[in-house]
Structures are given as structure tokens and as C-alpha cells.
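Side-chain atoms are counted along with the backbone in the values below, which use heavy atoms only and exclude waters and symmetry mates. The residues of the chain are indexed from 1 along the displayed sequence.
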Amino acid sequence: MSGIEELETVLPSMTRWRAPGAHHVDWATLEASLGTALPSDFRSLAEAYPVLFIDDFLMVSVPRSGTEALWASESRNDEILQDLYEMGDTEDYVPYPRPGGLLGWAGSTSGDSFYWRTEPSDPDAWPVVVRGDNGDWSEFPFGAVEFLAGVYRRTIRVPGMPGDFPGVSPTVLGL
């Protein structure tokens, strides 16, 4: 079972938002603007789905055709992360484009941030890093899609998340 299929099994309400054909993201433009390739599981998610808002809490930001450079710019220029870094509040993490820097892919309505740590050089090996709104930092040795499936399957616990996260029967909206 692919990562996307596993995520769909855990979050069946997301399948109604699956595109009948691939969203034709211009990956060459996006990756040139960003300065790096992105993990293949995330690329597959972006090709199949719009931005996903899960359980009125978590927004997974995916690039759309025609907005690749904007998505890259927003992911690359995370002002909150930069401010936290300048204040010394990122533990040993650094913002992208510094080597091994954090690159955002999701956020919550509570102010939690979800990143990849862009190390090692193979994007498919990038771990997920979460900064909870309470300042807790956690790192997980999974890609974004496997991480989401584990969180919503309740096999991955994210310290610092609200007590009702994830919900019992999460709904998914496509934006």
C-alpha cells in the first residue's frame, strides 16, 4: 500500500477531494525557485489533492499549478521561524536555505508548525520536525505522508499538541 493509500485509509473523508487526474504542478519551476527537490511522497500528495484542512486544525499546504514560485517563496521565507532562530529559540534547528534548514509544509490553527529538516541530501530521507505552539520541538524519522498517517492512526504521538488532537473521527476539507 502506498503512503497516499495508507493516509486515505486512515482519513477516508479525504478521498472525496482526490483529483480525477493529476494536478500538473510544474516541479521544475518550483524546485528552481526553492533551490531543492521535494520528497516524492509530498509530490504525490500534491499531484492528487488540493490544500487539505484536517479536522478544523491542520492545514497541509501543497503547491498548485501556476503558483509554484509563490508556494516556494512562502515555504522558504518563514518569518516566524526566522524570528525564533534570531531569538535563539529553535534548539539546534536553522531556517532553510541554510544547510539542513527547516522547510515548512503544514501548520495548525493553534500555531503549531510542521517542517522537513532538509538533511540528508536525499529529500525522501528528510525527517519531519514539529514545533508545537508551546515551544516544544520534536523530530520524527518519517516523510510527511507517513507522518500524517501515523498521527491520525494514533501510532505517532506529537508532544505539545492539544489533548483532543487528533480527533476521534477527523473530517477533511479540500481548499
Side-chain angles (χ1 to χ4, degrees), residues 1-25 27 30-31 34 36-64 71 74-75 78 81 93 96 100-134 136-175:
M1 180 180 301
S2 77
I4 300 291
E5 291 168 336
E6 184 177 351
L7 185 58
E8 291 170 338
T9 299
V10 175
L11 293 171
S13 65
M14 77 183 276
T15 58
R16 70 180 287 205
W17 304 106
R18 187 183 251 283
H23 294 160
H24 297 287
V25 176
W27 294 107
L30 186 143
E31 292 170 354
L34 196 55
T36 185
L38 291 175
S40 60
D41 68 330
F42 183 78
R43 288 171 57 134
S44 295
L45 184 68
E47 290 286 339
Y49 284 98
V51 171
L52 296 173
F53 189 48
I54 306 170
D55 216 18
D56 294 326
F57 178 74
L58 180 66
M59 184 171 300
V60 179
S61 172
V62 296
R64 300 278 37 103
W71 190 92
E74 289 174 354
S75 293
D78 185 327
L81 178 60
Y93 297 109
Y96 185 82
L102 299 182
L103 187 60
W105 58 270
S108 81
T109 57
S110 294
D112 310 288
S113 299
F114 298 76
Y115 304 98
W116 291 290
R117 182 172 51 82
T118 58
E119 216 171 48
S121 60
D122 176 7
D124 287 335
W126 292 351
V128 167
V129 174
V130 179
R131 182 189 181 275
D133 73 332
N134 63 357
D136 285 350
W137 289 88
S138 305
E139 187 167 317
F140 302 89
F142 311 104
V145 173
E146 184 179 356
F147 171 80
L148 290 171
V151 165
Y152 286 98
R153 190 184 330 100
R154 293 183 173 76
T155 57
I156 296 175
R157 185 182 168 285
V158 183
M161 292 290 115
D164 60 350
F165 173 77
V168 174
S169 184
T171 58
V172 180
L173 294 175
L175 306 176

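With a 4.5 Å cut-off on side-chain heavy atoms, V129 and Y93 count as touching. Residues Y49 and V62 are not in side-chain contact: their nearest non-hydrogen atoms beyond the backbone lie 4.5 Å or more apart. Two residues are said to be in side-chain contact when any heavy atoms from C-beta on lie closer than 4.5 Å; V10 and E5 fail this criterion. A heavy-atom distance below 4.5 Å is not found between the side chains of P159 and W137. The shortest side-chain heavy-atom distance between V51 and W17 does not fall under the 4.5 Å cut-off. By the 4.5 Å heavy-atom criterion applied to side chains, F142 and P127 are not counted as neighbours.
Closest of all the heavy-atom pairs between E47 and V25 is OE2-N, 3.6 Å. Residues I54 and V60 come closest through the heavy atom pair CD1-CG2, 4.2 Å. Closest of all the heavy-atom pairs between L38 and R43 is O-CD, 3.5 Å. Taking all atoms of both residues into account, the shortest heavy-atom contact from M59 to L175 is CE-CD1, 3.6 Å. Nearest heavy atom pair, residue I4 against residue V145, reads N-CG1, 3.8 Å.
Side-chain N or O atoms of R16 include none that pairs as donor or acceptor with a backbone N or O of G174 at under 3.5 Å. For the pair S75 (side chain) and L103 (backbone), a donor-acceptor distance under 3.5 Å is absent. Counting only distance, with no hydrogens or angles, the side chain of D55 and the backbone of F57 share no donor-acceptor pair below 3.5 Å. In this structure, R64 contributes its side chain and A46 its backbone to a donor-acceptor pair below 3.5 Å. Side-chain N or O atoms of S13 include one that pairs as donor or acceptor with a backbone N or O of V172 at under 3.5 Å.
With sequence neighbours left out, E8 forms a salt bridge (Lys or Arg N to Asp or Glu O under 4.0 Å) with R18. Here P12 pairs with nothing under the side chain to side chain contact (heavy atoms under 4.5 Å, CB included) rule; sequence neighbours left out. Listed by chain and number, the residues in a side chain to side chain contact (heavy atoms under 4.5 Å, CB included) with P123 are A37, P39, W126 (sequence neighbours excluded). Partners of E139 under the salt bridge (Lys or Arg N to Asp or Glu O under 4.0 Å) rule, at least two apart in sequence or in another chain, are R117. Every residue was checked against the side-chain hydrogen bond (donor to acceptor under 3.5 Å, both in side chains) condition with S169, not counting sequence neighbours, and none meets it.
Separating the CZ atom in R131 from the CG atom in L102 is a distance of 11.0 Å, to the nearest 0.5 Å. Atoms OG1 and CD, on T36 and E31 in that order, are 7.0 Å from each other to the nearest 0.5 Å. Summarising the geometry, atom CG belonging to L148 is positioned 8.5 Å from atom CG belonging to L52; distances are rounded to the nearest 0.5 Å. The CG atom of L58 sits 8.5 Å away from atom CZ of F53, with the distance rounded to the nearest 0.5 Å. Atom CG of D122 sits about 8.0 Å away from atom OG of S40, to the nearest 0.5 Å. To the nearest 0.5 angstrom, F147 atom CZ is 9.0 Å from Y152 atom OH.
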Would you mind writing out the side-chain donor-acceptor pairs for residues 109-116 within the sub-3.5 Å range, not counting sequence neighbours?
residue, atom, partner, partner atom, Å
D112, OD1, D133, N, 2.7
D112, OD2, S108, OG, 2.5
Y115, OH, D78, OD2, 3.4

Check your understanding: For V158 and F140, what are the C-alpha separation, side-chain angles and deciding distance, and is it a side chain to side chain contact (heavy atoms under 4.5 Å, CB included)?
Key -> CA-CA 9 Å; V158 183; F140 302 89; 4.1 Å; yes

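Looking only at atom types and distance, the side chain of W71 has a donor-acceptor partner in the side chain of S61 under 3.5 Å away.
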